[in-house]
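First comes the structure, then the notes that go with it.
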Amino acid sequence: MTANSELRSRQWFGATGRTGMAHRSWMRSQGFTPEVFDGRPVIGIATTWSELAPCNVHLHRVAESVKRGVWQAGGFPLEFPAMALGETLLRPTAMLYRNLLAMEAEELMRANPLDGVVLLSGCDKTTPGLLMAAASVDLPAVMVTGGPMLNGKYQGTDVGSGTAVWRFEEDLIAGRMTQEECAFAEGCMARSNGHCMTMGTASTMASMAEALGMQLPYSATWPAVDARRYETAQRAGQVVVDLVRRDLRPSAIMTRAAFENAIRVNAAIGGSTNAVIHLLAIAGRLGVPLTLDDFDVLARDVPTLVNLQPSGQYLMEDFCYAGGLPAVMRELAENGLLNSGAVTVTGSGIGGCVADAPCWNREVIKTAAEPFQPAGTGTAVLRGNLAPGGAVIKQSASSPHLLKHRGRALVFDSPAEYYAVSNDPDLDVDEDTVLVIRYCGPRGYPGMPEVSNVALPRKLLLRGVRDMVRICDGRMSGTAYGTVVLHVSPEAAAGGPLALVRTGDWITLDVPARALTLEVSDEELAGRRARWQAPAPHASRGWTRLYTEHVLQADEGADLDFLVGASGHEVPRESH
Ligand code: FES
């Protein structure tokens, strides 16, 4: 137990003389009575609210519920902003700024008089960014994600944010939809507060936070507008005060066992490939040994249990009503696929938290005995002379007939270069072609955007082709689908073999054998490498320069090299 006199906030608010007066007096300008400085735990509420991050725009209200819980438990809550990353607006990609959010939030937590934190996130990068920060500061922390939007509804059917966008675009290109119909559909997809309600990256990372034990059971799935989300937020405020008193920190929760749980849960829910990069980055902050190959090895025994878009049919609202993540974790636990003793923010092992979790709809949450997709169909890690550092493919979102494929490469140095010709009826492409889109990695784009699942060439769409093999060093939205090899590492801009591929080369994809092979001799590749020139730097100053000079490759989590690890929460020197 931590005595109140030992709280780090006492070094601010318990100080005497000029120093203590300065720390307290300006806080009192907000109308707080002096009792708030009596030695109660001070809880920071890091909110990624912004009108530029529409998925997080309701987090102010969530924060109010958290505050209620903190006050109830005898703490002193203080809300503060952390960088909001809106996936849909930020260019060149929100991923360029995930590490900046993590760095900003880490420094704010350490530099302020905080004893514990509640992390409010929602849109894709805000969840991993805040978890990375909390890991590096290692103050008691609870996450509350903002929850998914209500199901989209268009022409009498459910439409999933993100997933439907890709489909509508293809329908538009193929003439199956008009521009007016698309504009109408936009408003039908996003009809409430919340993040994407498919099993995209936001839903996946919310589930990862719950599977890691960093947010309370059911937190990932309550819709953003459901009253129970606000109840859970209030409960989180109570819980974090308790965590401070018990000195239970992220490093004791996010252990290797917890990451193994997260990886298996990701396979069971058909989660986003982006979880691979984010979990590697979070583990790197904690010194937890975790490698790209762990994702393949641990997921092989796990069937996909959740029938959600983009791999399946339903949406997060349905998942919530069916029983949410605890029902999935119970099924994993009962089949020996969960480290039940991994402790959570509840203070209990995760197995105990989910032991009695009911399932109300077996169409949405399947059993291990009759899964949605069999074991071994989750995210696979590929290696070969085209990806010596590894690459990933989401099997459940791929076309089964393309998982073993040999085709000739058609190579583009950017998505823009491809889209400049993708509608050309004379483009030399057929359904066996392998589209290679490169210079989209962490350094190359920069920021490793979600551009890998380029729309198919128009001439193929008009012929009814719905999928083809694509290979890229970028990422793919968790809401997207298709047979797309992602995260090729090292990336082209770092001189990876992807940079050496030429149009017409043969490429073999063999997912069952976990192989990605460029059928070009080592001698020929050595000659091409000798003639290869690295692209010019993207920026001479600012964050982009810092990022591109220090970002790690995808197989290492794309963190900055100097941010790996933790600095703890030692109280810094006085400011005046
Ligand atoms: Fe924010 Fe999908 S755009 S969660």
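These numbers come from a predicted model, not from an experiment. Values below: all heavy atoms of this structure, side chains included; hydrogens, waters and symmetry mates excluded.
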So, does Gln309 use its side chain to make a donor-acceptor pair with the main chain of Tyr314 at under 3.5 Å? no
Between Glu210 and Val265, does a side chain to side chain contact (heavy atoms under 4.5 Å, CB included) hold up when you go through it step by step? CA-CA 10 Å; Glu210 190 172 323; Val265 166; over 6 Å; no
Is the count of non-hydrogen atoms from other residues, nucleotides or ligands lying under 6.0 Å from Phe32 atom CZ greater than 12? yes
Distance alone, cut at 3.5 Å: any donor-acceptor contact between the side chains of Asp318 and Asn361? no
May I ask you to check whether Glu317 and Tyr321 show a side-chain donor-acceptor distance below 3.5 Å? yes
Do you see a donor-acceptor pair shorter than 3.5 Å between the side chains of His195 and Glu87? no
Between Arg61 and Glu64, does at least one N-O distance fall below 4.0 Å, as a salt bridge requires? no
Donor-acceptor pair between Ser396 and Ser311 side chains, under 3.5 angstrom: yes
Geometric class of the Tyr154/Phe168 ring pair [parallel <30°, tilted 30-60°, perpendicular >60°]: perpendicular
Basic-acidic side-chain contact under 4.0 Å: Asp559, Arg285: yes
Tell me whether Glu231 is salt-bridged to Arg235, with the criterion being a basic N under 4.0 Å from an acidic carboxylate O. no
Give me the ring orientation class for Phe76 and Phe37: parallel if the planes are under 30° apart, tilted from 30 to 60°, perpendicular past 60°. perpendicular
Apply the test salt bridge (Lys or Arg N to Asp or Glu O under 4.0 Å) to residues Arg330 and Glu334: give CA-CA distance (whole Å), side-chain angles for both, the deciding distance (0.1 Å), then the verdict. CA-CA 6 Å; Arg330 175 182 175 177; Glu334 290 178 352; 2.9 Å; yes
